[in-house]
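Read the structure below first, then the notes.
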Amino acid sequence: MDSVPTLKLNDGNEIPMLAYGFGTANFMGQEDDISKKTVMAIQCGYYHLDSAQAYANESGVGAGIKASGVPREKLFVTTKVVGTKNQDANAALDKSLQELGLDYVDLYLVHVPFSAGSPEGLQAIWKQMESIKDSGKAKSIGVSNFEIEDFEIILKTARITPAINQIEYHPYLQHRELIAFQRQHNIAVSAYSPLAAITAARPGPLDGTYTELANKYGVTDSDIGLRWCIDQNVVAITTSNSEQRLKGYMNKLFKFKLTPAEIDNIAEVGKEKHYMGMGIAYMSATYGNYKTGVEVA
């Protein structure tokens, strides 16, 4: 089993480029089930675990971390504060740490930019995030689902630039201008739903391309989908209930690389289709979206 490569963030910390995610299929899962999946993921070599307050499963992740017996310093644990209007991010992190059974997280993210009530509310949330990093309860701080306008809002008053932005990213949702902006500001990218073109958006224009490349490298279509992210220095967050599949990624994913021409071809063909999951719509409906005028009680 090859070790997972890391990406250096703008604060000097390093993040593993492959993560096991607890959103989507694991959302609001039963503690015992989530605990078992956490142990399975860790035993398969996934030391980067991605959770969130909104997933309502941090206690299961924490139970799994404890049951795995793996030393804390070997793990890279990410969780997220929703970022609602007037939310106390410090209190939210304390609750997450209690659920996870940890003293600190490696990465703490603002889950969405649009539930803070206003641009000023978003700036206030980020100020709290900076104090959290100062406290040592989060080694790195970043954001999720941010667009360029959201970065521009917080960078007006920020003392610390976000280390990373976690976004839905795959060939059918490429965010070219956003990623160019992030590269310019040395803000890393992590991808949730990196396999959506394979798992959710078929049939599609890339089906044949994935199969052709999978045959060339002796891997699966999903290996190609994950490699397309990793070869662009994008952290890939995946999930599976299958131990065999998780082990397969670990055994094959870091033994080959796509060529620049192959990466570009996937991107070019991917432009022919647009697909976006339900994550943003769910978070807007549940927690509000000041940009679209959605309010929640």
Side-chain angles (χ1 to χ4, degrees), residues 19-31 33-34 37 49-61 78-93 95-96 99-100 107-126 128-129 141-154 162 164-170 172-175 177-178 189-197 199-202 237-239 273-297:
Y20 185 89
F22 289 93
T24 56
N26 293 312
F27 178 73
M28 295 184 78
Q30 294 296 311
E31 181 170 323
D33 183 49
I34 296 299
K37 287 180 180 177
L49 306 171
D50 184 90
S51 189
Q53 173 192 14
Y55 299 162
N57 57 21
E58 288 172 311
S59 62
V61 176
T78 299
T79 197
K80 311 172 191 76
V81 59
V82 174
T84 53
K85 186 177 180 180
N86 299 323
Q87 186 169 13
D88 185 335
N90 265 290
L93 178 56
K95 187 171 188 302
S96 289
E99 299 270 324
L100 291 164
L107 179 61
Y108 197 41
L109 305 178
V110 179
H111 204 149
V112 290
F114 46 70
S115 297
S118 65
E120 294 75 23
L122 185 57
Q123 290 170 341
I125 287 278
W126 187 250
Q128 292 185 66
M129 296 292 283
I141 53 172
V143 298
S144 182
N145 298 303
F146 269 47
E147 298 176 359
I148 292 173
E149 63 181 358
D150 305 310
F151 278 116
E152 289 174 338
I153 287 166
I154 64 167
I164 199 165
N165 184 23
Q166 185 183 123
I167 54 175
E168 180 179 350
Y169 179 73
H170 47 76
Y172 297 153
L173 193 64
Q174 294 187 42
H175 299 285
E177 290 182 9
L178 172 61
V189 183
S190 60
Y192 67 83
S193 303
L195 300 179
T199 60
R202 281 188 158 166
I237 302 165
T238 191
T239 194
K273 180 167 182 166
H274 175 81
Y275 173 84
M276 185 174 178
M278 294 298 294
I280 298 286
Y282 170 82
M283 294 296 284
S284 294
T286 306
Y287 299 106
N289 187 330
Y290 78 84
K291 293 199 276 185
T292 60
V294 176
E295 293 187 17
V296 292

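Proximity of Tyr290 to Pro119: side-chain heavy atoms (C-beta onward) are separated by under 4.5 Å at one or more points. No side-chain heavy atom of Ile34 sits under 4.5 Å from any side-chain heavy atom of Glu58. Taking 4.5 Å as the limit, every side-chain heavy atom of His111 sits out of range of all side-chain heavy atoms of Val81. The shortest distance between side-chain heavy atoms of Val294 and Phe114 does not fall below 4.5 Å. In this structure, the side chains of Trp126 and Ile153 stay at 4.5 Å or more apart for every pair of heavy atoms. Using a 4.5 Å heavy-atom cutoff, the side chains of Leu109 and Ile164 are in contact. A heavy-atom distance below 4.5 Å is found between the side chains of Ile167 and Val189.
Note: Lys273 NZ to Leu173 CG = 12.5 Å, rounded to the nearest 0.5 Å. The structure places CZ of Phe22 at 9.0 Å from NZ of Lys37, a figure rounded to the nearest 0.5 Å. Once rounded to the nearest 0.5 Å, the distance linking CD of Glu147 with NE2 of His175 reads 8.0 Å. In this structure, the separation between CD1 on Ile237 and CG on Leu49 is 11.0 Å, given to the nearest 0.5 Å.
Listed here is the closest heavy atom pair of Gly142 and Pro162: CA-CB, 4.1 Å. Across all their heavy atoms, Gly83 and Val110 have their closest contact at CA-CG1, 4.3 Å. The two residues Gln87 and Ile125 make their nearest non-hydrogen contact at O-CD1, 3.9 Å. For Leu178 against Asn165, the heavy-atom pair with the smallest separation is CD2-ND2, 4.0 Å. The shortest heavy-atom contact between Val82 and Gln53 is N-OE1, 3.0 Å. Here the closest heavy-atom approach between residue Ala197 and residue Tyr172 is recorded as CB-CE1, 3.5 Å.
Looking at Thr84, its side chain never comes within 3.5 Å of a backbone N or O of Ser115 through a donor-acceptor pair.
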Query raised in the report: Passes side-chain contact (heavy atoms from CB on, under 4.5 Å), Asp88 versus Gln128? Steps please.
Result: CA-CA 8 Å; Asp88 185 335; Gln128 292 185 66; 3.8 Å; yes
**Report entry** Derivation and outcome, side-chain contact (heavy atoms from CB on, under 4.5 Å), residues Thr79 and Tyr108
**Finding:** CA-CA 5 Å; Thr79 197; Tyr108 197 41; 3.7 Å; yes
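Partners of Glu99 according to the salt bridge (charged side-chain N to carboxylate O under 4.0 Å, His left out) rule, which considers only residues two or more places apart in sequence or in another chain, are Lys95.
Among Thr239, Asp50, Asn145, the single residue meeting the side-chain hydrogen bond (donor to acceptor under 3.5 Å, both in side chains) criterion with Tyr192 is Asn145.
Between Tyr275 and His170, the ring planes lie tilted relative to each other; the angle falls in the 30° to 60° range.
Residue Lys85 qualifies as open at atom NZ: its count of foreign heavy atoms under 6.0 Å is 12 or below.
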